[in-house]
Amino acid sequence: MKNKFMKSRTKKALQKESRIDRFFLRMDNFIRAKISSNIQLELIFAVAFCLVLAFLAYNITFNMTRKVTLNQFISYEQGMQDISASANDIAERMLNDLRYKEEEEITEEMRDNARYPSENNPDAKQFNLEHAMQNLIRDFSRTSTLKLMVTDLQGEILFKTDNVTEARVDIFSVIKSAYDIDFYKDGQIDEDSAGELIFVYPMNFLKRDIYLIIKDTPIADIQTTPYYSYNTSLSIFVGFFFFISGFLILTKNKMDYIQELSNTVRIISTGNLKHKAPVKGNDELTHLAKSINLMAQDIDERIEEERNLEKTKQELITNVSHDLRTPLTSIIGYLGLAKSEKISSEQKNEYIDIAYSKSERLKELISELFEYTKLQSPDNKSVFSPVNVVDLLDQLIEEMIPIAEERGIQIHKAAKSKDVVLQADVPQLVRLFENLISNAIKYAYTNDPILITVEGADASGFSTLTFENTIDHITDEEIEKMFERFYRLEKSRSSETGGSGLGLAISESIVHLHQGRIYAKKITDQRISIIVQLPVIQIS
């Protein structure tokens, strides 16, 4: 039972220690994380550590440079203290000794509190000054060098020890000398000799006023005092050296990192935007490195975008120049022929009709160029509103049926959902579907029907529209280039059969404007479909 209890207590103690260890471990990790993520805390920690290191170095150096010098001097202080203590003891004894009191004044308490052998002893009690002083001298035999005398108020000596030579004293001069005792203090004593100390105690003996006078000369004492000297300048220099060295060591990694970032900025400033700043740690310098990388990447992307725009502009100018020059040259040529007087009126009218058709083609091309440029402009503001894409397609298909019948082609539509509502710019969406349907009619290789299907929203909320038609042989490479500007499947770039090459590029811009996706898919060698995916806001 006892073992089980002890095991239980041990287990609880271990659990408590484990919790405490985990707590301190978490605190240590928290503090380390805070310090490592804040350069100010890192610098404060470094300065504090260096100050402690400098303080320790200063103290060690200070103690190592200590020099001890022994100073010897003559002192009378101890002798003066011994004489003063003996004089005070004798005076206290005389003031309190019962031998100097009347018999009837003695109480039992006084007898019990006696401190000396002759006190409160009736047999030893003497009421004679001579006997009383002899008893006193005997009790204080250790003070044999003292000169004791008892005088009356006029200076007549009533009792004196054998070492006293005076027969009479001037009591006032003695009292005055007694008050000059400070002469022997605070370094005023001559090292070769010292004056005599005088102590005067007025008291009453058997109802008689007397003076107790004690004199003695202090004995000289040779004392040795150690004097410590330190090299403070060297200690300060060593402490400062350790502080600077410790600070440089602790901040070396950060300084090297700052230098790396500086070199990175210098390299980036020369135009090498692919160069990356090293990302180390998790403090403000790390965030700065990430910001430098993001800035360089952003600038690189902007420059690349500018290059692409410039390239696109050059291509656009080249293609537009070619596509505009061709019909314009034809117009000028036919109008020049029509001005000739050598041709008949029928030929002139024929040339004028051709020039007019070329002008219409030129107008159509300019309109498409304007439409494409407008869609690419960042200032283009679209107005979005809900539209039922199924109803919109029904209306457009009805309008396109006469054009399809001229080619002997039918248009079939299949919608899996009755109402598929999009948030769209309606005129742009109409232009998109007109382009795709007209292209399907224009480039149909056989009289097989054009299939248009509308599917409801998928899991990502997008509706899929498919425009399928026949086509002459087409390669995968040509499919990938179909949405490029001015790209025509006809290698001759004939405007009679191939169009401007902007229709699908305009369609792609409209789809992207609606946050959608458009792409071409080859079904067979002679059948292709254009797939459009647009976000849906309502379906039923």
Side-chain angles (χ1 to χ4, degrees), residues 10-68 228-308:
T10 304
K11 186 177 181 181
K12 290 181 180 179
L14 290 174
Q15 290 177 350
K16 184 177 181 181
E17 290 179 1
S18 178
R19 286 196 299 268
I20 293 174
D21 291 341
R22 287 198 300 270
F23 171 77
F24 281 107
L25 181 60
R26 286 196 296 269
M27 288 296 296
D28 179 68
N29 293 334
F30 175 78
I31 293 173
R32 287 176 181 271
K34 283 295 181 182
I35 292 177
S36 63
S37 64
N38 191 317
I39 195 169
Q40 288 180 326
L41 292 178
E42 290 182 17
L43 289 176
I44 291 173
F45 174 77
V47 170
F49 178 82
C50 292
L51 285 175
V52 173
L53 182 65
F55 178 77
L56 293 175
Y58 171 84
N59 278 277
I60 293 172
T61 307
F62 189 78
N63 292 323
M64 290 178 63
T65 59
R66 182 178 67 180
K67 294 182 180 180
V68 182
Y228 301 97
S229 60
Y230 302 88
N231 194 335
T232 307
S233 300
L234 178 61
S235 302
I236 293 174
F237 173 78
V238 172
F240 184 74
F241 173 78
F242 271 84
F243 178 86
I244 295 298
S245 301
F247 188 79
L248 291 177
I249 292 172
L250 289 177
T251 58
K252 182 179 183 301
N253 291 336
K254 292 299 177 185
M255 294 300 104
D256 292 344
Y257 192 27
I258 292 174
Q259 186 61 44
E260 288 185 62
L261 295 181
S262 176
N263 293 336
T264 299
V265 173
R266 180 176 54 79
I267 294 172
I268 290 175
S269 66
T270 61
N272 186 4
L273 298 174
K274 300 297 183 182
H275 187 77
K276 298 296 181 182
V279 178
K280 303 176 182 178
N282 192 32
D283 56 15
E284 289 83 355
L285 292 179
T286 307
H287 301 326
L288 176 61
K290 293 179 180 178
S291 299
I292 291 173
N293 292 337
L294 289 175
M295 178 193 68
Q297 182 180 355
D298 184 62
I299 294 175
D300 187 40
E301 290 176 354
R302 289 177 182 271
I303 291 176
E304 188 65 27
E305 183 179 350
E306 291 292 333
R307 289 173 182 168
N308 292 334

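This chain uses plain numbering: 1 for the first residue, then up along the sequence.
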Give me the atom names and distance for the closest heavy-atom approach of [X] to [Y].
| X | Y | answer |
| --- | --- | --- |
| Thr61 | Ser235 | C-OG, 3.6 Å |
| Ala296 | Leu273 | CB-O, 3.8 Å |
| Ala57 | Gly239 | CB-CA, 4.3 Å |
| Ala277 | Ala289 | CB-O, 4.0 Å |
| Val279 | Tyr257 | CA-OH, 3.5 Å |

Measuring from atom [atom1] of [X] to atom [atom2] of [Y], what distance do you get when rounded to the nearest 0.5 angstrom?
| X | Y | atom1 | atom2 | answer |
| --- | --- | --- | --- | --- |
| Cys50 | Ile249 | SG | CD1 | 8.5 Å |
| Asp300 | His275 | CG | NE2 | 13.5 Å |
| Ile268 | Lys276 | CD1 | NZ | 7.5 Å |
| Ile244 | Phe240 | CD1 | CZ | 4.0 Å |
| Asn231 | Phe62 | CG | CZ | 9.5 Å |
| Thr251 | Leu43 | OG1 | CG | 7.5 Å |

For the pair Gln297 and Asn293, evaluate side chain to side chain contact (heavy atoms under 4.5 Å, CB included) and give the outcome as yes or no after the intermediate values.
-> CA-CA 6 Å; Gln297 182 180 355; Asn293 292 337; over 6 Å; no

Does a side-chain heavy-atom distance below 4.5 Å link Leu288 with Ile292?
-> yes

Run through Tyr58, Phe242, Phe247 and flag the one making a side-chain contact (heavy atoms from CB on, under 4.5 Å) with Leu53.
-> Phe242

Start with the C-alpha distance between Glu304 and Arg307, add both sets of side-chain angles, then the distance that settles side chain to side chain contact (heavy atoms under 4.5 Å, CB included), and finish with yes or no.
-> CA-CA 5 Å; Glu304 188 65 27; Arg307 289 173 182 168; 3.7 Å; yes

Where do Gln259 and Asn263 land on the side chain to side chain donor-acceptor pair (under 3.5 Å) test, with the steps shown first?
-> CA-CA 6 Å; Gln259 186 61 44; Asn263 293 336; 3.1 Å; yes

Under 6.0 Å from the CE atom of Met295, do we count more than 12 heavy atoms belonging to anything else shown?
-> yes

Are more than 12 heavy atoms from other residues, nucleotides or ligands located less than 6.0 Å from atom OH of Tyr230?
->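 Yes - once you tally the heavy atoms of other residues, nucleotides and ligands closer than 6.0 Å, there are more than 12.
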
Donor-acceptor pair, side chain of Ser262 and main chain of Ile258, under 3.5 angstrom | no

Any donor and acceptor pair, going by atom type alone, linking the side chain of Asp298 with main-chain N or O of Leu294 inside 3.5 Å?
-> no

